[in-house]
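Just so it is clear, the structure is predicted and the values come from calculations on it, not from any experiment. Keep in mind that the numbers below use all heavy atoms, side chains included, and drop hydrogens, waters and symmetry copies.
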Protein chains: 2
Amino acid sequence: MVGLGAAAGMALGDPPADYASIAAVGLFVALMCVCIVVGHLLEENRWMNESTTALFIGLGTGAVILFASSGKHSRVLLFSEDLFFIYLLPPIIFNAGFQVKKKQFFRNFITITLFGAVGTLISFTVISLGALGLISRLDIGALELGDYLALGAIFSATDSVLSQDETPFLYSLVFGEGVVNDATSVVLFNAIQNFDLGNINTSKLLKFIGSFLYLFSTSTILGVAAGLLSAYIIKKLYFGRHSTDREVSIMMLMAYLSYMLAELLDLSGILTVFFCGIVMSHYTWHNVTESSRVTTKHAFATLSFIAETFLFLYVGMDALDIEKWKIVGQTYSPVKSVALSSTILALVLVARAAFVFPLSLLSNLTKKTPAGKISFKQQVIVWWAGLMRGAVSIALAYNKFTRSGHTQQPSNAIMITSTISVVLFSTIVFGLLTKPLIRLLIPPRHLSREPSALSEPSSPKSFLEHLAANSPGHPDLENGISLRRPASLRLLLVSPSQSVHHYWRKFDDGFMRPVFGGRGFVPFVPGSPTESSMPLLAGNEN
Amino acid sequence: MVGLGAAAGMALGDPPADYASIAAVGLFVALMCVCIVVGHLLEENRWMNESTTALFIGLGTGAVILFASSGKHSRVLLFSEDLFFIYLLPPIIFNAGFQVKKKQFFRNFITITLFGAVGTLISFTVISLGALGLISRLDIGALELGDYLALGAIFSATDSVLSQDETPFLYSLVFGEGVVNDATSVVLFNAIQNFDLGNINTSKLLKFIGSFLYLFSTSTILGVAAGLLSAYIIKKLYFGRHSTDREVSIMMLMAYLSYMLAELLDLSGILTVFFCGIVMSHYTWHNVTESSRVTTKHAFATLSFIAETFLFLYVGMDALDIEKWKIVGQTYSPVKSVALSSTILALVLVARAAFVFPLSLLSNLTKKTPAGKISFKQQVIVWWAGLMRGAVSIALAYNKFTRSGHTQQPSNAIMITSTISVVLFSTIVFGLLTKPLIRLLIPPRHLSREPSALSEPSSPKSFLEHLAANSPGHPDLENGISLRRPASLRLLLVSPSQSVHHYWRKFDDGFMRPVFGGRGFVPFVPGSPTESSMPLLAGNEN
């Protein structure tokens with residue numbers, strides 16, 4: 001059984017001094033420090049963001065290594081989808097769930113699921129059909145139906161770069177869509193790999209959709225269960241009385257365990273760990289000591305930040321890997337390479353438009369008040385902000401078109417180089433234009449000026465708090481529905497989604513919080529830092 | 001260049017679903033959760049501690065796996081010294097430096113270095129000579145001089161289990177010794193591996209001692225430099241104004257970078273990262289925002305805690321690995337195995353006594369006041385608390401006597417099984433008896449009852465604070481020298497080590513803190529959480 005131990009042995013030298021590997025890891029750590037400092041200095045710049053900075057530094061380093069090794073290679077670490085899916089993605093997605101503004105997320109839950117699941121399926125269909133129609137004419141080589149479908153799944157995985165603080169409503173929409181979309185793309189991709197493409201019929205298709213829904217619900221349930229278990233353990237054992245380290249460890253390990261378990265059970269780890277994060281911030285987070293709250297909030301954000309920076313650096317360095325470019329250059333003309341990448345980019349643009357505008361219309365039809373509707377300008381931003389393709393696309397492309405990161409077949413090599421081109425182009429060009437586009441469509445005075453969520457010690461906010469308070473944002477951006485605790489009957493007439501919230505709140509207060517803890521339901525322990533340092537929370541216990 | 005990526009690929013399946021490996025990692029994560037909960041429940045127990053709990057759970061799981069696999073194997077991950085030295089050890093040692101009570105550590109610096117460096121050399125000599133004299137009579141097989149010397153280095157690496165809160169003076173002594181000792185053993189071990197043992201002469205020996213001192217000082221300087229660099233970067237760029245995540249990331253990455261750099265330069269990463277931790281807690285920690293302080297303190301402690309739990313679990317599971325026991329069982333009689341392990345244990349007991357008591361006497365001779373002296377009872381505790389052998393010994397033994405964790409040669413296999421036996425016996429028997437022994441030698445009323453350092457938001461404490469305040473502990477345990485800021489001349493006459501402190505303080509206040517920040521020297525930023533939430537610190541700025 002080859003385990004992690006053997007892996008580390010491979011990585012860092014079985015004779016204890018495999019300097020090349022230690023040097024590679026050291027170089028990455030040093031570059032990440034540079035990214036953080038440079039990203040900080042460029043923060044005031046309206047064009048750049050941390051991801052593009054890391055991408056540029058990765059590209060630059062790749063170029064230097066390529067030059068130093070006389071054109072032999074540009075990377076010090078081989079791209080591995082497992083490193084990505086097992087170590088880098090879980091902290092990013094978990095933190096997303098943990099820090100997400102739950103009010104916005106759940107208020108727009110239906111729209112988000114519509115965009116993330118149905119939208120991704122539409123995007124997948126459009127790109128697959130487009131690839132079948134257009135790329136087959138480019139005469140790339142032996143591509144099968146499965147390859148075209150894989151392209152559809154690969155380029156349906158988005159990578160958004162909106163800022164949560166400036167555009168909370170749109171952020172929750174695009175970001176929430178992104179998580180569901182990642183899960184959908186990965187599930188789709190794996191389904192295609194295992195699917196018998198020879199004879200497709202209606203019953204098979206229905207079975208496919210059925211297993212898709214099954215995956216979705218079981219993954220969510222597993223994540224929720226893991227989160228509730230952690231809340232229950234910490235509430236029952238009063239970890240806080242003893243040790244912050246234990247509480248933080250338990251939260252970290254349980255979240256990771258839920259991801260691993262989901263992967264083991266062939267579910268979607270991404271969805272599981274996302275919902276685990278949401279449940280942990282709603283229940284578990286309120287059961288721990290004050291210092292554990294501050295620590296988890298920032299430690300999870302830091303781990304996610306490090307994983308993201310590492311990822312973009314990695315993608316940037318890998319992009320210049322000469323092996324695949326050489327194979328492509330020997331077989332195809334540059335015109336053909338550019339044509340392929342442009343075709344894919346065009347398909348990406350069309351496929352996203354094909355679901356954002358119709359589904360926005362559909363979503364608007366269900367809303368009674370104008371505040372809940374997505375304006376045309378907002379639709380354009382949603383369309384644009386999800387055009388970026390990122391690490392998920394690269395990881396899936398490597399899985400499909402290489403073996404252990406290497407490829408010799410020209411038609412596979414050109415798929416990899418095209419994927420890299422599309423990712424770089426969309427991240428850099430589309431990504432850089434996102435900030436100016438938002439400023440153009442929605443003038444800065446309309447952007448809400450909330451203090452940064454990160455410096456606010458009381459966020460991971462709870463449901464109740466959000467439901468009870470009015471949203472302070474501008475109606476152009478904020479989905480600010482007035483909610484002054486009306487009678488439940490009136491609520492039911494006004495909006496079905498608000499009444500769902502109302503009954504959920506009753507259930508939450510009546511059953512969930514007394515069992516699993518949460519804001520205002522933490523048992524009183526004399527001298528516990530929870531009670532003494534947060535009088536606001538203690539006063540809510542009714 | 002085979003890198004981390006390839007390694008993760010190896011570990012978690014190149015076809016993306018290597019379930020065995022995901023299951024192995026998942027099992028470990030689940031077991032760690034169990035260890036934390038069980039360790040919490042057993043905390044009131046005077047015999048058990050977290051390490052022995054993890055060791056027992058590891059042994060139990062190993063037995064279950066051995067049974068389930070019909071006696072084929074007991075482990076799900078192969079022991080890898082690289083996993084240990086590159087991923088598990090750095091967070092443990094860094095956190096040790098970060099959280100160490102610097103007053104105690106530096107006040108006993110000379111004694112600690114004496115014990116850690118000279119003591120380890122004495123222990124190494126005694127064990128090597130003893131092994132040469134005794135083990136050669138057991139007729140184990142073809143052992144060379146290098147093997148005996150390696151045994152000396154392997155069994156000189158201690159693994160202490162004292163509690164910092166109950167016995168701060170002894171803890172700082174034994175723990176500080178442990179860090180210096182680990183570094184010394186590893187340096188010694190590597191030196192032996194590369195040393196031409198054919199012809200030893202005085203000039204070679206002097207050269208060896210010279211390179212040893214060179215390693216020691218350069219490693220320390222590198223760690224201090226990395227710590228100061230992080231302090232300077234954070235002070236100059238005011239990371240706090242922007243993002244806690246960036247501050248925490250920079251501290252984490254710079255610490256890790258210092259370790260990697262030390263390993264790359266063939267220095268001692270253990271010493272480097274330890275001093276980096278000390279400098280970071282003295283300067284950098286005071287330059288960051290309040291939430292970064294809480295986060296780093298607990299996040300580093302949590303990472304160290306997770307690494308330690310993982311380690312003991314790992315050692316416990318690996319101990320039952322059947323392959324080596326079978327080879328040993330086929331070649332040697334059980335009596336011979338027991339004889340070898342007992343001989344090593346006896347050598348460990350004698351070798352530690354051979355330096356603790358003489359060096360304590362030497363240390364006591366340099367102290368003028370009775371408070372600074374180590375009483376005989378304390379000497380017994382210091383002797384006993386350093387008898388445990390742990391993961392460093394196992395890692396070094398695997399390095400010397402196996403290839404990638406496997407061995408076929410009986411004489412090598414018996415060395416591994418003996419090492420495991422000694423580690424298990426010393427950790428469980430000696431470890432379990434430590435708490436009762438301390439209670440026997442020093443009655444509980446004498447134990448200082450400080451609140452736990454972990455729940456106190458203002459620790460990582462600074463030098464100045466410690467020097468200015470009187471130590472509140474009992475003189476039997478605490479090194480409570482009265483320090484009411486006397487004139488420097490009087491200080492110089494009273495004790496040279498105190499005057500060193502005095503001049504260091506002057507230098508620290510006059511140059512170091514204004515440049516690198518630190519308590520009371522953080523520039524005032526209006527509205528910065530540093531100033532507003534910690535009025536105690538702001539008042540100190542003079």
Side-chain angles (χ1 to χ4, degrees), chain A residues 1-14 16 19-26 29-30 32-33 36 40 43 76-83 86 237 239 242-246 248-250 253-254 256-257 260-261 263-264 291 294-295 298-299 301-302 305-306 399 404 454 457, chain B residues 1-14 16 19-26 29-30 32-33 36 40 43 76-83 86 233 237 239 242-246 248-250 253-254 256-257 260-261 263-264 291 294-295 298-299 301-302 305-306 399 404 454:
Chain A
M1 216 178 274
V2 180
L4 191 68
M10 273 294 292
L12 297 144
D14 235 295
Y19 291 107
S21 300
I22 300 186
V25 176
V29 175
M32 280 158 78
C33 291
I36 292 170
H40 172 79
E43 192 168 48
V76 291
L77 296 177
L78 206 60
F79 190 92
S80 150
E81 47 181 306
D82 290 307
L83 173 67
I86 303 290
L237 293 180
F239 272 103
H242 291 282
S243 156
T244 293
D245 305 344
R246 284 210 190 95
V248 179
S249 307
I250 273 280
L253 293 173
M254 292 279 292
Y256 197 60
L257 190 61
M260 298 303 269
L261 211 60
E263 291 293 313
L264 270 180
S291 41
V294 177
T295 305
H298 293 292
T302 303
F305 177 72
I306 290 178
N399 178 289
S404 320
L454 291 170
Chain B
M1 216 177 272
V2 180
L4 191 66
M10 273 294 293
L12 297 145
D14 234 297
Y19 290 106
S21 300
I22 300 186
V25 176
V29 175
M32 280 157 79
C33 290
I36 292 170
H40 173 78
E43 192 168 47
V76 291
L77 296 177
L78 207 61
F79 190 92
S80 150
E81 49 183 304
D82 290 307
L83 173 67
I86 302 291
I233 287 176
L237 294 180
F239 272 101
H242 290 282
S243 156
T244 293
D245 305 344
R246 284 211 188 93
V248 179
S249 306
I250 273 281
L253 292 173
M254 292 280 292
Y256 197 61
L257 189 61
M260 298 303 269
L261 210 60
E263 290 293 311
L264 271 181
S291 41
V294 176
T295 304
H298 293 291
T302 303
F305 176 71
I306 290 178
N399 179 286
S404 320
L454 291 170

### Query
In terms of heavy-atom pairs under 4.5 Å with chain B, which of A:G26, A:A30, A:S249 leads?
A:S249
### Query
With only heavy atoms counted, which part of A:L261 is less than 4.5 Å from chain B, the side chain, the backbone, both or neither?
neither
### Nearest non-hydrogen partners of B:L253 and A:C33, listed with the distance
CB-SG, 3.6 Å
### Summary
Heavy-atom nearest pair, B:A299 first then A:T295, reads N-CG2, 3.7 Å
### Task
Carefully, step by step, assess A:I86 and B:V25 under the rule side-chain contact (heavy atoms from CB on, under 4.5 Å).
CA-CA 10 Å; A:I86 303 290; B:V25 176; 5.9 Å; no
### Separation between CD1 of B:I22 and CE of A:M260, rounded to the nearest 0.5 Å
5.5 Å
### Query
For the atom pair NE2 (A:H298) and OG1 (B:T244), what is the distance rounded to the nearest 0.5 Å?
4.5 Å
## Note on the structure
CD1 (A:I250) and CE (B:M32) are apart, to the nearest 0.5 Å, by 10.0 Å
### Query
If you take all heavy atoms of B:V29 and A:L257, which pair is closest and at what distance?
CG1-CB, 3.9 Å
### Portion of B:L264 that has a non-hydrogen atom of chain A nearer than 4.5 angstrom
both
### Summary
Closest non-hydrogen contact found for B:T302 with A:D245 is OG1-CA, 3.6 Å
